[in-house]
Amino acid sequence: MRFDRGLQWRHLHVSGALALKVGCCALLALIWARFEPLDSAVDVTEHSVASTLSLADAPQAAQASLAGTAIEVIVRRNDTLDRIFRQLELSLGDLATLRALPDLRATIDRLHPGEALTFFRDGAGRLLGLERQLSESERLTIARDDAGFRSHITENPLEHEVRTASATITSSLFEAARAAGISDQTAIAIADVFAWDIDFVLDVRDGDRFVVTYEQLSQDGEYLRDGALLAVKFVNQGHEYRAVRYVDAQGTARYFTPDGRSLKKAFLRAPLEFTRVSSRFNPNRKHPVLNRIRAHRGVDYAAPTGTPVRAAGDGRVRFRGVKGGYGNVVELSHASGVVTVYGHLSRFARQLRTGERVAQGEVIAYVGQSGLATGPHLHYEYRLNGAYKDPQKVKLPDSAPLPQALLADFRAQTAPLLAGLDAPAPGATPALAATPALAAR
Ligand SMILES: [Zn+2]
């Protein structure tokens, strides 16, 4: 249990003895006893350790006998080990000793807000040991012994299992996914991969279907969560889309079509999540403020003030400031003579400076109604070699395809995954066997 600051100290008298052998993955049985609120600046829970652990098969004999109290500390922002040691009235000399242990300094000093550290302390307030989860699969244990302190890292690796499942949509992607035992996380990954091709709000129809191959991660035989999406086939209104994950030599994972084209376009169609299009591209529009015919050379997306505006593509900031009727405006220049313009902004992203590079999807500013605007909206322009194009209709350039030199490796890596989309192993999992779409195949 975790307590908010102010009522977070659970005090117990020290009882029980713990023979701690490092290198085991046994769980400590914890018994909660009487509470006393105490004004403390760290997020702390304290409990006695009532079980006695003794594991004969511990690989490394970092063994210590602790007659003590386990104190769980939730790390808060700006906490340091020095600060926590002071607050728990632990010896700073012990902290110095810990830091002097080989390889330990880097492991114990980089604290993350929200993580839990467990300290073991004896009746005299002396530090007996410390436990910290370093990652999902690694736990650090430090225990005092005759020679000082000993540390050990216990590995408990995640198991990766590959699953192929399929579903037919009758209401939404998410409901179809859930019915097939596929997590929301994987459904979102499917929508992300095809974000440039399929609008999952507007374009998806009953009868659309998909086959997906993905990882499931578990630990100690218990399912944890889904891992990477490996390959997916989506049939939308009779049109089939395929994507496969490819990890290059640098370890970067990206999604491609089976022939190595990027799934991404070089530009987002709309650079924000908008509520509606309030004014389309129109060369003969009567201007709502000026009340005379003036071409509308962009598209207006109505959205609440403060809605993040994203760079439509990778590029460079060529202007950031105030410009006539545009009000606060950002202009980005991109490869191949494309310039995108974002007008009527309420403010700019704090770090945005003229001349700086931005990546596609990066937040550059926020919706507003500065300049000539009747309400909060984004005015968005797409210019190609100086000519104004309709951002809703312009053919967006593809992202760079996979380099020719990687194609052979790409094919070797992805062929089995792509083959699996067409012939999912029947009955690979009970959920899969129960999927109606599969039975109909
Ligand atoms: Zn406009």
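Closest approach of T213 and V162 over heavy atoms only: CG2-CG1, 3.5 Å. The two residues Y380 and L268 have their closest heavy-atom pair at OH-O, 4.4 Å.
Judged as a salt bridge (charged side-chain N to carboxylate O under 4.0 Å, His left out), and not counting sequence neighbours, K264 has no contacts. Applying the side chain to side chain contact (heavy atoms under 4.5 Å, CB included) criterion to A373, with sequence neighbours excluded, gives H344, Q369, H377.
A donor atom on one side chain and an acceptor atom on the other are found under 3.5 Å apart for S218 and E159. For D203 and N236, the side-chain atoms include no donor-acceptor pair closer than 3.5 Å.
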Check residues 185-195 and write down every donor-acceptor pair under 3.5 Å in which the side-chain atom is one partner and the other belongs to a residue at least two apart or another chain.
unit_1 : atom_1 : unit_2 : atom_2 : d
Q185   : NE2    : D226   : O      : 2.9
T186   : OG1    : D226   : OD2    : 2.6

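Within the 3.5 Å criterion, the main-chain N or O of V339 finds no donor-acceptor partner in the side chain of S333. A donor-acceptor contact shorter than 3.5 Å links the side chain of Q360 to the backbone of A312. Using modelled atom types, one side-chain atom of R144 and one backbone atom of L127 make a donor-acceptor pair closer than 3.5 Å. A donor-acceptor distance shorter than 3.5 angstrom exists from the side chain of E115 to the backbone of H112, with no hydrogens or angles considered.
Between Y241 and K233, every side-chain heavy-atom pair lies at or beyond the 4.5 Å cut-off.
The distance between the ring centers of F267 and Y382 falls below 6.0 angstrom. Aromatic ring centres of F319 and Y342: separated by at least 6.0 Å. Ring pair Y246/F410: centre-to-centre distance below 6.0 Å.
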